[in-house]
Amino acid sequence: MLAHGAPSVAVLGALAPYQPPTAGPWLRWRARPEQGAVALTFDDGPEPGACEANLKLLAEFELPATFFLIGEAAEASPELVDAIVAGGHELACHGYRHEHHLLRSPSWVRDDLERGVAALARSPHPPRFFRPPFGQASSASVRAARALGLELVLWSAWGREFAETDDAAVLARLERGLRPGAIVCLHDADTYASPGTAARTRRVLPKLAAALEHRGLKATTLGALVGSRP
Ligand SMILES: [Zn+2]
(Lines give C-alpha, C1' and ligand atoms only; values in the text may rest on other atoms or scores of the structure.)
Protein backbone atom coordinates (compact mmCIF):
# COMPACT_ATOMS: atom_id res chain seq x y z
CA MET A 1 0.00 0.00 0.00
CA LEU A 2 1.27 3.40 -0.94
CA ALA A 3 -0.95 5.60 1.10
CA HIS A 4 1.40 6.59 3.88
CA GLY A 5 -0.15 9.95 4.60
CA ALA A 6 1.31 12.94 6.34
CA PRO A 7 1.32 12.74 10.10
CA SER A 8 -2.17 13.38 11.32
CA VAL A 9 -4.46 12.64 14.18
CA ALA A 10 -8.07 12.50 13.16
CA VAL A 11 -10.50 13.99 15.59
CA LEU A 12 -13.28 11.42 15.70
CA GLY A 13 -15.05 12.11 18.91
CA ALA A 14 -13.53 13.49 22.05
CA LEU A 15 -9.76 13.32 22.07
CA ALA A 16 -7.74 13.49 25.24
CA PRO A 17 -7.05 16.98 26.54
CA TYR A 18 -4.23 18.65 24.67
CA GLN A 19 -0.76 18.52 26.17
CA PRO A 20 2.44 19.81 24.61
CA PRO A 21 3.90 16.95 22.57
CA THR A 22 7.33 17.23 24.12
CA ALA A 23 5.93 16.93 27.62
CA GLY A 24 2.88 14.71 27.44
CA PRO A 25 2.97 10.99 26.79
CA TRP A 26 -0.20 10.74 24.70
CA LEU A 27 1.30 12.03 21.45
CA ARG A 28 4.84 12.82 20.39
CA TRP A 29 6.33 13.83 17.09
CA ARG A 30 9.57 15.17 18.48
CA ALA A 31 11.48 15.10 21.74
CA ARG A 32 13.42 17.51 23.86
CA PRO A 33 16.64 18.71 22.24
CA GLU A 34 18.99 18.73 25.23
CA GLN A 35 20.79 15.50 24.35
CA GLY A 36 21.81 16.72 20.91
CA ALA A 37 20.41 13.48 19.53
CA VAL A 38 17.78 12.20 17.15
CA ALA A 39 15.78 8.98 17.29
CA LEU A 40 16.02 6.78 14.20
CA THR A 41 12.83 4.78 13.78
CA PHE A 42 12.00 2.10 11.22
CA ASP A 43 8.42 1.16 10.35
CA ASP A 44 6.74 -1.88 8.78
CA GLY A 45 9.21 -4.69 9.55
CA PRO A 46 10.46 -7.20 10.14
CA GLU A 47 10.86 -8.36 6.55
CA PRO A 48 13.22 -11.26 5.76
CA GLY A 49 16.25 -10.07 3.81
CA ALA A 50 15.62 -6.38 4.29
CA CYS A 51 15.79 -6.59 8.07
CA GLU A 52 19.13 -8.42 8.20
CA ALA A 53 20.67 -6.02 5.69
CA ASN A 54 19.44 -3.03 7.63
CA LEU A 55 20.73 -4.41 10.92
CA LYS A 56 24.13 -4.94 9.35
CA LEU A 57 24.28 -1.32 8.26
CA LEU A 58 23.12 -0.02 11.62
CA ALA A 59 25.86 -2.04 13.33
CA GLU A 60 28.47 -0.82 10.87
CA PHE A 61 27.59 2.83 11.50
CA GLU A 62 26.88 2.26 15.20
CA LEU A 63 23.35 3.61 14.97
CA PRO A 64 20.90 2.47 17.65
CA ALA A 65 17.30 2.58 16.45
CA THR A 66 13.70 1.85 17.33
CA PHE A 67 11.75 -0.63 15.20
CA PHE A 68 7.99 -0.16 14.94
CA LEU A 69 7.09 -3.72 14.01
CA ILE A 70 3.91 -5.09 12.49
CA GLY A 71 2.62 -7.86 14.74
CA GLU A 72 1.75 -10.35 12.01
CA ALA A 73 5.21 -9.88 10.47
CA ALA A 74 6.90 -10.28 13.86
CA GLU A 75 5.03 -13.54 14.45
CA ALA A 76 6.09 -14.80 11.02
CA SER A 77 9.79 -14.05 11.63
CA PRO A 78 10.58 -14.44 15.34
CA GLU A 79 14.28 -14.86 14.53
CA LEU A 80 14.31 -11.34 13.10
CA VAL A 81 12.69 -9.96 16.25
CA ASP A 82 15.45 -11.64 18.24
CA ALA A 83 18.10 -10.22 15.90
CA ILE A 84 16.77 -6.69 16.36
CA VAL A 85 16.90 -7.07 20.14
CA ALA A 86 20.37 -8.66 19.97
CA GLY A 87 21.54 -5.64 17.98
CA GLY A 88 20.73 -3.41 20.93
CA HIS A 89 17.71 -1.81 19.31
CA GLU A 90 14.30 -1.03 20.75
CA LEU A 91 11.03 -2.70 19.76
CA ALA A 92 7.83 -0.74 19.40
CA CYS A 93 4.32 -1.45 18.14
CA HIS A 94 3.01 -0.47 14.68
CA GLY A 95 -0.18 -2.51 15.09
CA TYR A 96 -0.89 -6.15 14.36
CA ARG A 97 -2.15 -5.44 10.87
CA HIS A 98 -1.10 -2.50 8.72
CA GLU A 99 -4.58 -1.06 8.42
CA HIS A 100 -6.10 2.40 8.68
CA HIS A 101 -7.79 2.96 12.02
CA LEU A 102 -10.06 5.77 10.95
CA LEU A 103 -12.98 3.63 9.78
CA ARG A 104 -12.46 0.75 12.20
CA SER A 105 -14.52 0.16 15.31
CA PRO A 106 -13.05 0.82 18.76
CA SER A 107 -13.12 -2.92 19.49
CA TRP A 108 -11.24 -3.70 16.25
CA VAL A 109 -8.59 -1.12 17.13
CA ARG A 110 -8.26 -2.35 20.71
CA ASP A 111 -7.95 -5.96 19.51
CA ASP A 112 -5.35 -4.98 16.92
CA LEU A 113 -3.20 -3.16 19.46
CA GLU A 114 -3.47 -5.97 21.99
CA ARG A 115 -2.37 -8.48 19.36
CA GLY A 116 0.37 -6.14 18.18
CA VAL A 117 1.78 -5.89 21.69
CA ALA A 118 1.45 -9.64 22.29
CA ALA A 119 3.42 -10.30 19.10
CA LEU A 120 6.37 -8.49 20.67
CA ALA A 121 6.45 -10.70 23.74
CA ARG A 122 9.95 -11.86 22.75
CA SER A 123 11.20 -8.40 23.69
CA PRO A 124 12.95 -8.15 27.06
CA HIS A 125 10.70 -5.18 27.82
CA PRO A 126 7.05 -4.54 26.94
CA PRO A 127 6.82 -2.01 24.11
CA ARG A 128 6.42 1.56 25.28
CA PHE A 129 5.60 3.28 21.99
CA PHE A 130 2.90 2.86 19.35
CA ARG A 131 2.89 4.44 15.91
CA PRO A 132 -0.40 3.98 14.05
CA PRO A 133 -0.21 2.66 10.48
CA PHE A 134 -0.10 5.54 7.99
CA GLY A 135 0.40 7.91 10.91
CA GLN A 136 -3.36 8.15 11.30
CA ALA A 137 -4.93 7.69 14.70
CA SER A 138 -8.58 7.89 15.69
CA SER A 139 -9.90 8.59 19.15
CA ALA A 140 -10.19 4.81 19.47
CA SER A 141 -6.44 4.54 18.73
CA VAL A 142 -5.69 7.06 21.45
CA ARG A 143 -7.91 5.31 24.00
CA ALA A 144 -6.59 1.84 23.17
CA ALA A 145 -2.99 3.01 23.36
CA ARG A 146 -3.60 4.64 26.72
CA ALA A 147 -5.36 1.55 28.06
CA LEU A 148 -2.38 -0.57 27.09
CA GLY A 149 0.18 1.90 28.48
CA LEU A 150 1.47 2.78 25.02
CA GLU A 151 2.65 6.26 24.10
CA LEU A 152 1.51 7.47 20.69
CA VAL A 153 4.38 8.57 18.44
CA LEU A 154 4.50 10.15 15.01
CA TRP A 155 7.63 11.79 13.59
CA SER A 156 9.23 15.13 12.77
CA ALA A 157 11.47 14.06 9.87
CA TRP A 158 10.96 11.54 7.11
CA GLY A 159 12.24 10.73 3.67
CA ARG A 160 9.05 9.37 2.06
CA GLU A 161 11.30 6.67 0.62
CA PHE A 162 8.18 4.61 -0.13
CA ALA A 163 7.09 7.22 -2.68
CA GLU A 164 10.31 8.88 -3.86
CA THR A 165 12.29 7.30 -6.67
CA ASP A 166 15.27 9.60 -6.24
CA ASP A 167 17.64 8.80 -3.35
CA ALA A 168 18.91 12.39 -3.26
CA ALA A 169 15.36 13.67 -2.77
CA VAL A 170 14.86 11.23 0.10
CA LEU A 171 18.05 12.40 1.77
CA ALA A 172 17.26 16.08 1.21
CA ARG A 173 13.82 15.63 2.77
CA LEU A 174 15.34 13.87 5.78
CA GLU A 175 18.05 16.48 6.20
CA ARG A 176 15.49 19.28 6.44
CA GLY A 177 14.27 17.73 9.70
CA LEU A 178 17.60 16.87 11.28
CA ARG A 179 17.82 18.84 14.48
CA PRO A 180 18.21 17.93 18.15
CA GLY A 181 15.17 16.07 19.41
CA ALA A 182 13.99 14.98 15.95
CA ILE A 183 12.13 11.70 15.50
CA VAL A 184 13.18 10.34 12.11
CA CYS A 185 10.80 7.96 10.32
CA LEU A 186 12.22 5.41 7.86
CA HIS A 187 10.92 2.16 6.36
CA ASP A 188 12.87 -1.09 6.12
CA ALA A 189 10.25 -3.27 4.44
CA ASP A 190 8.38 -3.41 1.15
CA THR A 191 5.53 -5.57 2.43
CA TYR A 192 3.24 -2.68 3.25
CA ALA A 193 4.84 -0.09 0.97
CA SER A 194 5.98 0.07 -2.64
CA PRO A 195 8.63 -2.26 -4.11
CA GLY A 196 12.10 -0.81 -3.61
CA THR A 197 11.30 1.05 -0.40
CA ALA A 198 13.64 -0.95 1.84
CA ALA A 199 16.47 -0.83 -0.70
CA ARG A 200 16.08 2.93 -1.01
CA THR A 201 16.29 3.28 2.75
CA ARG A 202 19.45 1.18 2.84
CA ARG A 203 21.12 3.24 0.12
CA VAL A 204 20.34 6.47 1.95
CA LEU A 205 21.30 5.25 5.43
CA PRO A 206 25.11 5.73 5.11
CA LYS A 207 24.53 9.25 3.80
CA LEU A 208 22.13 9.92 6.65
CA ALA A 209 24.80 8.73 9.10
CA ALA A 210 27.25 11.18 7.54
CA ALA A 211 24.69 13.99 7.71
CA LEU A 212 24.15 13.34 11.41
CA GLU A 213 27.88 13.36 12.07
CA HIS A 214 28.29 16.58 10.08
CA ARG A 215 25.67 18.25 12.29
CA GLY A 216 27.14 16.87 15.52
CA LEU A 217 24.00 14.82 16.16
CA LYS A 218 24.07 11.34 17.60
CA ALA A 219 21.46 8.68 16.93
CA THR A 220 19.70 6.92 19.73
CA THR A 221 16.60 4.88 20.46
CA LEU A 222 13.33 6.65 20.99
CA GLY A 223 13.21 5.52 24.59
CA ALA A 224 16.64 6.99 25.28
CA LEU A 225 15.75 10.24 23.53
CA VAL A 226 12.47 10.68 25.36
CA GLY A 227 13.79 9.57 28.73
CA SER A 228 12.00 7.76 31.49
CA ARG A 229 8.24 7.84 31.74
CA PRO A 230 6.84 10.92 33.49
ZN1 LIG B 1 3.69 1.73 8.25
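Position 1 is the first residue of the sequence, and the numbers go up from there. In each ligand, atom 1 is the first atom listed, and ligand 1 is the first ligand listed.
- Summary: OD1 is the N/O/S atom of Asp44 found nearest to the Zn ion (ligand 1).
- Residue His98 counts as close to the Zn ion (ligand 1), with an N, O or S atom under 2.8 Å.
- With respect to Glu164 and Arg200, no salt bridge is recorded, no charged nitrogen being found less than 4.0 Å from a carboxylate O.
- By the 4.0 Å N-to-carboxylate-O rule, Arg110 lies close enough to Glu114 to be salt-bridged with it.
- Because the distance cut-off is set at 2.8 Å, Asp43 fails to qualify as a neighbour of the Zn ion (ligand 1), as none of its N, O or S atoms comes that close.
- Take Arg203 and apply the salt bridge (Lys or Arg N to Asp or Glu O under 4.0 Å) test, not counting sequence neighbours, and it matches Asp167.
- Contacts classified as side-chain hydrogen bond (donor to acceptor under 3.5 Å, both in side chains) and involving residues 68-88 (residues at least two apart or in different chains) are given here: Glu72-Tyr192, Glu75-Tyr96, Asp82-Arg122.
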